Amino acid sequence: MSELLAIVYLLVFPGFLFLIGFSFFAEWYDRKLVARLQNRMGPPFLQPFADFVKLLSKEDIVTEGVSARFQAAVPVVAFAAVATAFLYLPVAGAASWFGFPGDLILVLYLLTLPTILMFLMGWTSGNLFAAVGSLRAVSQLFVYEVPFFLAALAPALILETWTVADVVAAQSAGRWSLILAPIGFVVALVALQAKLERSPFDIPDAETEIVAGPLTELTGRKLALWHLTKDMELVTGAALVVALYLGGPTVPGVAVAGILGGAIAFAIFFVKVLVVVLVLSVFKAAVGRLRIDQLVRWGWTILTPLALLQIAVVAVLKGVRWI
Amino acid sequence: MKKEKARRERPGALVPEMLRTLTQRPATEPYPAVRIDVPTGFRGRIEVNDERCIGCSKCALVCPTECIEMVADEREVTVGAKTVKRKRKPIVHVLSCIRCGLCEEACPTDPKAIYLTEEFAGSGTDKEVVVK
Amino acid sequence: MPEVEVTIGPQHPALKEPVSFKIIVDGEKIVRLDLDISYNHRGIEKAAEARDFSKAIYLIERICGICSHAHATNFAKGMEALMGIEAPKRAQWIRVLVAELERIHSHLLWLGVLAHEIGYNTMFMYSWRDREIVQDFLEAISGNRVNYGMNRVGGVRRDVSEALRERIREGLKVLEERALAYAELIAEEQTLLVRTRGVGRLTTNQVVELGSVGPVARGSGVSFDIRRDDPYLAYGEVPFDVITSTHGDVFGRAEVRALELVQSVRMARHVVDSLPGGDLAVKAPRIAPKGEYVSRYEAPRGELMHYIRVNGTDKVERLAVRTPTLANWPSVVAALRGRVLADVPVVVAAIDPCLSCTSRTTVVDVDAGTTQTLLWDDLVEYGRRYYREREGVG
């Protein structure tokens, strides 16, 4: 493929610009859905974009004694991490053009970065609420990261590959991992909700307790970038779950080539991601927030054991050559 | 309290109702795109009708916030069959008015010279602090 | 980990009104809690002395937005007792109707606030949507959604028409369904239960010692409700149950309020069905003879007391207001001992704090464990000084 096409892929579709646009769309979709579930109207379509633009125009305030350059750099790094992770996920075809053997591990690692950076952000903000919030964010990280990795591991084990493209290809030739590892799917969704810090896991951002958690001191451009990063994380996380468990942009048996094939694949991808976000949104609206100690207890007594159970089942089934 | 049948404790107890709500119209009234009807007797913005006021000052006397100021204003006012020469009229400082309606109750004319309307949309760009 | 002082308030997203908590935390565990109230002190008690009775009612009504009718009615009936007049039956019943509708709207508001404090926004939205039904009734009855202005000394100012009664009857059917649904929901929704069960537990003895009132006391098993134990207005003729709970924690208080909601709906229905005919008010004299009176009322948050002293003029000589929230604050401090930071909003919300009601006479130094009540002399002096400093009036 020519360099020009690669640059278009990277910057426009399905890369940078598309990701940003899709993130705004996903935020609108999520907020509208939650509003309708709550019998409210919900925001108009351009609201996330308008919020972003508004934040960009706000004054940038840095607390005295805090390194302004550091505070400015952290959101950019987080943004870059998530954007890069999205690059390896298939969007309009069975494989991303930038995929390489073992890229699943890279994606998982890159998706861990935002939380660690959020901790850094809060810890160095010089604000008490931010410090408490960042501690909660890290405590939460320890709780959900293990199940999330294990849940991502399950399809990789079943299909014996660490490459996202191969996982998708194997599913389109056979069955979706959802059918083979249903527990893993549920664990992945729950852990994803915790990773995205959405209710009932929005503990680090518990408005009624600690103002805005680690993000308390962020203003203007930095906050705009963080919000966008969070939306991108939602899209990337959903796309990852779709790729691993729901067969990505493919449907078993359908294989159309060329531009039409690409369009169909994209449509399939779009629908599947929206379904995953729908589940996450209903989940978000359905329950209240847990306390951090309750989350830790519940995470280690239920979530991680379930994930381990899934791995054990997969290992056994593989051992007896059933799958 | 009666002991009810054993309740199932579960997360997401509202989910069935939530999903039903998806099919309903939102409860939000998109004001100002939609008119809001207020009930009769709604206590809105206060108004003084210059042609009816006989200047008795009863409204100013009963007002709890003392926001009605009687100013000198001479005018002939027709009350029923009689014509009265009034000496003063009330000026209401709208920002202090708590819309209790005591002035309307105290006003002896019929129809009332000072009354609460059903106006509630008060914001605007024109600073009209005094109601004439 | 070294101890850290977290200050919640006076400005904080969890607080609808200003109050200051200085919480010393060790990690998430609360070591000590200091409480600072009176940010909303407005000198109302002093201001009431400068207005004659009919005007003072409107001032006192505005002590609180949510329980405005409670304050106005309590004052009006206190004045009626001092003047030796009695409001006609219809007026009493209309007062009860508005009082119970106010209780319904207040408890629905509280359910939403509790849900919001624990991040359960769906229940928040639903309960406030249902509350609009009550708000529409109150608007139709009185012309306003809060600060109803229904009372005058001697009775009420507005009548409830037959058509309005019918409308209220219809709406109460819906409300009863919703109230029962909420009572069930709080006992079933697990994420709500884990945040409220066992949190902020107070034993019956503790609650009595701390002087808590209202749903806080009833949530710990103290069966005390002024509507039954010292009946006023028409409560002697309207049947209802006093709701108590044995749980003693935040869930107990929630349970009490949810079931009181159901009771209030039924009471409102009874009033609407059996509203007696008659006048709306008797003429009250302009001057009240010498005397003093303590007027009590079961506001949505608990026992509300007005101490009124008159001396033969047309103005109050001394008005002292003891609101239920003021009585309940010490229970917050006791209930939070040994809990974690995340429990603070929940336990505070559980007493249904109305900070506009709070700033009155008693000064409680919870940290040192002492209670200092200002003598009324000191109080008058304090009030005058405060008033002088703020308004430049003697």
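Because only heavy atoms are used, hydrogens play no part in the values below, and waters and symmetry mates are left out as well, while side chains stay in. Everything numeric here is computed off the predicted structure, so don't read it as measured data.
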For this session: Select, from Met18(B), Glu66(B), Glu118(B), the one with the greatest count of heavy-atom pairs under 4.5 Å involving chain C.
Result: Met18(B)
Problem set entry | Side chains of Leu185(C) and Glu17(B) in contact at under 4.5 Å (non-hydrogen atoms) | no
Exercise. If you count heavy-atom pairs under 4.5 Å with chain B, which of Ile141(C), Thr191(C), Thr122(C) comes out on top?
Worked result: Thr122(C)
Problem set entry | Check: Glu189(C) side chain, Gly12(B) main-chain N or O, donor-acceptor pair, under 3.5 Å | yes
Problem set entry | Crowding at CZ, Arg169(C) (>12 non-hydrogen neighbours, <6.0 Å) | yes
Seminar exercise, completed: Bottom line for Met125(C): the part with an atom under 4.5 Å from chain B's heavy atoms is neither
Problem set entry | Proximal to chain C - members of residues 68-78 of chain B, heavy-atom separation under 4.5 Å | none
Problem set entry | Region of Arg145(C) in contact with chain B, defined by heavy-atom distances below 4.5 Å | neither
Problem set entry | Segment of Asn147(C) engaging chain B (4.5 angstrom heavy-atom cut-off) | backbone
Exercise. For Lys58(B), does the NZ atom sit with more than 12 other heavy atoms under 6.0 Å from it, leaving out its own atoms?
Worked result: no
Seminar exercise, completed: When the 4.5 angstrom heavy-atom criterion is applied to Leu116(B) and chain C, the contacting part is neither
Exercise. Does the side chain of Arg99(B) come within less than 4.5 Å of Asn144(C)'s, by heavy atoms?
Worked result: no
Problem set entry | pair Glu132(C)-Glu29(B): side-chain heavy atoms closer than 4.5 Å | no
Exercise. Going from SG on Cys100(B) to CZ on Arg152(C), what distance comes out if it is rounded to the nearest 0.5 angstrom?
Worked result: 10.5 Å
Problem set entry | Heavy-atom closest contact (Pro64(B) atom, Tyr58(C) atom, distance) | CG-CD1, 3.7 Å
For this session: Enter the distance from Tyr120(C):OH to Leu14(B):CG here, rounded to the nearest 0.5 Å.
Result: 3.5 Å
Exercise. Between Arg129(C), Met123(C), Arg158(C), which residue shows the highest count of heavy-atom pairs closer than 4.5 Å to chain B?
Worked result: Arg158(C)
For this session: Begin with the C-alpha distance, continue with both residues' side-chain angles, and end with the deciding distance and a verdict on salt bridge (Lys or Arg N to Asp or Glu O under 4.0 Å) for Arg157(C) and Glu104(B).
Result: CA-CA 12 Å; Arg157(C) 289 175 60 200; Glu104(B) 186 177 345; over 6 Å; no
